[in-house]
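A short write-up of the structure that comes next.
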Amino acid sequence: MDEFPRQLIEQQIFTARNGQRFHDSAYVRRGVAELFVATEPLRGWRELCVEDDHRAATWVRFVARLMDTTYRDAKKVRWVMDNPGTHKVRFFYDHFPPDVARAYLQRMEIVYPPVHGSWLNMAEMEFAVLGRQVLNRPFADKAAVQAAVERWKNRQNTKPKPRNWQFTTADARIKLARLYPTT
């Protein structure tokens with residue numbers, strides 16, 4: 001699970017005499033849309049939503065919604081997510097009565113990748129693909145981002161492509177020795 005901010009900008013588009021379209025280099029900032037993603041790499045599935053912010057309440061609602069729908073029958077859900085400063089389990093107690101928060105948290109395990117290890121978070125890879133395939137152009141408002149992201153998500157989930165992670169701990173110790181010294 002991860003989130004990603006997308007700046008909303010409005011650009012003038014004009015057409016040259018030869019019919020080629022150009023974006024003016026000047027633009028007007030229209031705020032930020034915050035994208036949340038949860039992905040199951042082995043299933044080739046993802047859930048995305050576009051929100052106004054990435055506050056604790058928004059994160060809690062996103063996770064709780066998935067726990068209540070997609071994972072309602074799961075005994076335990078393991079969430080891999082970075083930013084331990086903004087993804088704290090105590091936020092569930094800030095937004096739900098204690099018994100409800102406890103019920104959610106008893107069914108969850110949160111795993112934080114090591115520092116400099118966000119590349120281990122498969123959600124980061126989802127955003128990289130989404131960025132290249134969909135978010136590679138300007139969007140002036142949240143609704144346009146939502147529509148584009150929803151189309152992409154549905155297309156991807158219709159033909160899931162499971163990802164088989166081949167990078168082992170042994171490989172990481174060799175390739176990333178300077179980041180993760182053993183002594």
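In this text the structure is predicted, and so the values were computed from the model without any measurement.
Within the model, atoms CG of Leu66 and CE of Met1 stand 9.0 Å from one another, a figure rounded to the nearest 0.5 Å. One finds the CZ atom of Arg55 at 10.5 Å from the NE2 atom of His95 (value rounded to the nearest 0.5 Å). Atom-to-atom distance recorded for Ile9:CD1 and Asp141:CG is 12.5 Å, nearest 0.5 angstrom. One distance of note links CD of Gln146 with CZ of Phe139; it measures 11.5 Å at 0.5 Å rounding. Note that the CG atom of Asn157 and the CD atom of Glu40 stand 10.0 Å from one another [nearest 0.5 Å]. Thr15 contributes atom OG1, which lies 9.5 Å from atom CD of Gln20 (distance to the nearest 0.5 angstrom).
A side-chain donor-acceptor contact under 3.5 Å links Arg107 to the backbone of Ala74. Of the possible polar contacts, one joining the His87 side chain to the Asp82 backbone as a donor-acceptor pair under 3.5 Å is found. Side-chain atoms of Thr158 come within 3.5 Å of backbone N or O of Asn154 as a donor-acceptor pair. Arg6 places a side-chain N or O within 3.5 Å of a backbone atom of Leu135 that can act as its donor or acceptor partner. The backbone N or O of Phe62 lies less than 3.5 Å from no partner atom in the side chain of Arg65, so there is not a single donor-acceptor pair. Of the possible donor and acceptor atoms, one in the side chain of Arg46 sits under 3.5 Å from a partner among the backbone N and O of Gly44.
Between the side chains of Gln133 and Trp152, at least one donor-acceptor pair of N or O atoms lies under 3.5 Å. Under 3.5 Å, the side chains of Arg163 and Thr39 contain a donor-acceptor pair of N or O atoms.
Both Val100 and Leu105 belong to a single network of hydrophobic side chains, linked directly or stepwise wherever heavy atoms of I, L, V, M, F, W or Y lie under 4.5 Å apart. Both Met67 and Val60 are part of a single hydrophobic cluster, where members link through side-chain heavy atoms under 4.5 Å apart. Both Val134 and Phe4 are part of a single hydrophobic cluster, where members link through side-chain heavy atoms under 4.5 Å apart. Hydrophobic clustering (side-chain heavy atoms under 4.5 Å, transitive across Ile, Leu, Val, Met, Phe, Trp, Tyr) keeps Val129 apart from Trp45.
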side-chain contact (heavy atoms from CB on, under 4.5 Å) evaluation trace for Val145 with Leu8: CA-CA 9 Å; Val145 175; Leu8 303 173; 3.6 Å; yes
Are Asp2 and Glu124 close enough, and set up right, to give a side-chain contact (heavy atoms from CB on, under 4.5 Å), and what steps lead you there? CA-CA 7 Å; Asp2 206 356; Glu124 299 271 355; 2.6 Å; yes
Please evaluate residues Phe36 and Val50 with respect to the criterion side-chain contact (heavy atoms from CB on, under 4.5 Å), reporting the C-alpha separation (whole Å), side-chain torsions for both, the decisive distance (0.1 Å), and the verdict. CA-CA 6 Å; Phe36 282 77; Val50 181; over 6 Å; no
Tell me, with the steps shown, if Glu3 and Thr58 meet side-chain contact (heavy atoms from CB on, under 4.5 Å). CA-CA 11 Å; Glu3 69 247 359; Thr58 310; over 6 Å; no
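Of all non-hydrogen atoms in Tyr104 and Asp68, the two that sit nearest each other are OH-OD2, 2.7 Å. Minimum interatomic distance between Leu35 and Phe127 (heavy atoms only, all atoms of both residues): O-CZ, 3.6 Å. Of all heavy-atom pairs spanning Arg30 and Ala140, the tightest one is CB-O, 3.4 Å.
Atom CZ of Arg155 has more than 12 neighbouring heavy atoms from other residues, nucleotides or ligands inside a 6.0 Å radius. Shown here is Lys159, whose NZ atom has no more than 12 heavy atoms of other residues, nucleotides or ligands within 6.0 Å.
Considering only heavy atoms from C-beta on, Val63 comes within 4.5 Å of Trp79 through its side chain. A 4.5 Å side-chain heavy-atom check between Met81 and Ile110 finds at least one atom pair inside the cut-off. Looking at Leu130 and Leu48, their side chains come closer than 4.5 Å, going by heavy atoms from C-beta outward. No side-chain heavy atom of Glu109 sits under 4.5 Å from any side-chain heavy atom of Val77.
Annotation: Trp59 is in aromatic contact with Phe92 [ring centroid separation under 6.0 Å].
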